[in-house]
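I have placed the structure first, in the form of structure tokens, so that the comments after it can refer back to it.
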Amino acid sequence: MAPLTPHWDQPSHPDIQDVIINEHEFTSKSLSKISLPPFGLYAKMEFPPCTFASAPTYATVQCGRDKHLNLNSDLLYINHSCEPSLIFDTANLNIIAGPNGLRAGEELTFFYPSTEWEMAQPFDCLCGKPTCRGRISGAKDMTKAELEGVWLNGHILELLKEQENSRRNVDPGKETEPENGRSTIFRNDPSAEVTLPEDATAHALKDALKHAEKVVEAARVALKSYLESAALVARNSGENRTDNGAVTGDANANSFCGADATMATGLKRRGVTSRELSGEMGGDTIVASVS
């Protein structure tokens, strides 16, 4: 299959992507122009320029069991790697940094089997990484060990589950709906639950979420302290008077004080945490004041 000739205006993402075109087939690549923290948003797969493809090709990205996207942009030049720098989250149409983040100048890559069940054009991977899988033909032909620890889209996980069930062809080992980051399988004894350890990507995502919660809470406390101090200054300023009793402070001091005091009080309410969302904790999420 001949390389695709670009039919879109280039460069399509000049602020974030540097495309390097090589004369040899399938050797072009792209580098990042930006740095991102782990799981930071790199780009959106937007409509347009994206369109749905009538059939999969080497240039499409699978976004569902039977759905495929034409990217119609320079994002097409993001190559495969067995240790990728990016994640293609096709369910949310997001391209995000991997668990290690992204550095400016780093090659943009993603793990093709994370989106592709059966490649239209299989190839031998030359990424040179220690975990290189060799022949890449889609998640359908890969072992559990080869897929361990990498981000997989929902449609790939569903197809893998169906494949496993069809191979067993028995009900006793059918996998139940797992919790996030877990896989719970009931063997012949329904009372025996086997919990597989969460993979590295799930662990990194949980760590990133915990870190984000700490940052939000620290910002909440800092903002609350600042607003309370600002309200106190405004209140004191409003109480200054001249010898004849006229107020010399800011005419808006009282309204400023009241608005900030209300906001500072509101900061005592916190949102639900990841633990509460996952059902580990319950109860009221409002910080109670002691009378």
Side-chain angles (χ1 to χ4, degrees), residues 1-63 67-116 119-139 150-153 156 201:
M1 185 180 295
L4 180 68
T5 300
H7 56 273
W8 55 87
D9 292 334
Q10 291 185 294
S12 63
H13 295 75
D15 295 333
I16 61 173
Q17 182 184 17
D18 183 19
V19 178
I20 300 175
I21 303 295
N22 292 318
E23 295 181 358
H24 297 290
E25 292 184 356
F26 309 113
T27 59
S28 297
K29 62 181 181 179
S30 56
L31 307 178
S32 177
K33 286 187 174 181
I34 61 174
S35 297
L36 289 172
F39 311 109
L41 178 64
Y42 179 75
K44 297 282 293 184
M45 291 177 274
E46 298 178 312
F47 289 80
C50 291
T51 57
F52 285 111
S54 58
T57 70
Y58 82 93
T60 59
V61 174
Q62 189 171 354
C63 58
K67 293 182 179 180
H68 304 266
L69 286 179
N70 291 309
L71 295 174
N72 298 324
S73 72
D74 288 343
L75 296 177
L76 177 66
Y77 294 105
I78 298 179
N79 292 329
H80 164 85
S81 175
C82 294
E83 295 182 14
S85 59
L86 296 174
I87 290 171
F88 272 49
D89 178 6
T90 60
N92 297 301
L93 298 178
N94 288 333
I95 301 176
I96 59 179
N100 297 322
L102 183 66
R103 301 184 308 276
E106 185 175 0
E107 183 176 358
L108 299 171
T109 58
F110 80 102
F111 188 67
Y112 282 6
S114 69
T115 61
E116 309 305 307
M119 300 282 295
Q121 187 169 323
F123 61 94
D124 293 321
C125 179
L126 301 175
C127 71
K129 301 293 185 180
T131 58
C132 183
R133 274 74 167 179
R135 187 70 173 173
I136 302 297
S137 57
V150 295
W151 171 283
L152 299 175
N153 279 276
I156 296 296
T201 300

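Reckoned from all heavy atoms, side chains included, excluding hydrogens, waters and symmetry mates.
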Please give me the minimum heavy-atom distance between [X] and [Y], naming the atom from each residue.
X	Y	result
Ser85	Glu107	OG-O, 2.8 Å
Ser28	Asn79	O-ND2, 2.8 Å
Arg135	Asp124	CD-OD1, 3.0 Å
Asp74	Gln10	OD1-NE2, 2.8 Å
Tyr77	Pro6	OH-CG, 3.2 Å
Leu69	Cys63	CG-SG, 3.8 Å

Roughly how far apart are [X] [atom1] and [Y] [atom2], rounded to 0.5 Å?
X	Y	atom1	atom2	value
Leu93	Glu46	CG	CD	9.0 Å
Glu116	Asn153	CD	CG	9.5 Å
Leu86	Leu102	CG	CG	5.5 Å
Thr115	Ile87	OG1	CD1	12.0 Å
Thr57	Met119	OG1	CE	10.0 Å
Ser81	Lys29	OG	NZ	12.0 Å

State whether the number of non-hydrogen atoms from other residues, nucleotides or ligands found under 6.0 Å of [X] atom [atom1] is greater than 12.
X	atom1	value
Asn22	CG	yes
Lys67	NZ	no
Lys33	NZ	yes

| Quick one: are the ring centres of His80 and Phe111 less than 6.0 Å apart? | yes
| query | Under 6.0 Å between the ring centres of Phe52 and Phe47? | reply | yes
Contact check, side chains of [X] and [Y], non-hydrogen atoms, under 4.5 Å:
X	Y	answer
Lys44	Asn94	yes
Met45	Leu71	yes
Ile78	Phe88	yes
Tyr112	Phe123	yes

| Should Ile156 and Ser114 be marked as a side chain to side chain contact (heavy atoms under 4.5 Å, CB included) after you check the CA-CA gap, both sets of side-chain angles, and the distance that decides it? | CA-CA 7 Å; Ile156 296 296; Ser114 69; over 6 Å; no
| said: Run Leu75 and Gln17 through side chain to side chain contact (heavy atoms under 4.5 Å, CB included) and show every step you take. | reply: CA-CA 8 Å; Leu75 296 177; Gln17 182 184 17; 4.1 Å; yes
| With no hydrogens and no angle check, is any side-chain donor or acceptor of Arg133 less than 3.5 Å from a backbone partner on Cys125? |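 Side chain of Arg133 to backbone of Cys125, a donor-acceptor pair under 3.5 Å: no, none is there.
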| said: Donor-acceptor check, side chain of Glu106 to backbone of Ser32, threshold 3.5 angstrom: yes or no? | reply: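 No: the side chain of Glu106 does not pair with the backbone of Ser32.
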| Can Leu36 and Arg103 be said to form a side chain to side chain contact (heavy atoms under 4.5 Å, CB included), step by step? | CA-CA 7 Å; Leu36 289 172; Arg103 301 184 308 276; over 6 Å; no
| task | Decide yes or no on side chain to side chain contact (heavy atoms under 4.5 Å, CB included) for Leu41 and Ile96, but give the supporting numbers first. | result | CA-CA 4 Å; Leu41 178 64; Ile96 59 179; 4.2 Å; yes
| Looking at residues at least two apart in the chain, or sitting in another chain, which of them share a side-chain hydrogen bond (donor to acceptor under 3.5 Å, both in side chains) with Asn72? |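 Asn72 satisfies side-chain hydrogen bond (donor to acceptor under 3.5 Å, both in side chains) with His7, Thr51 only.
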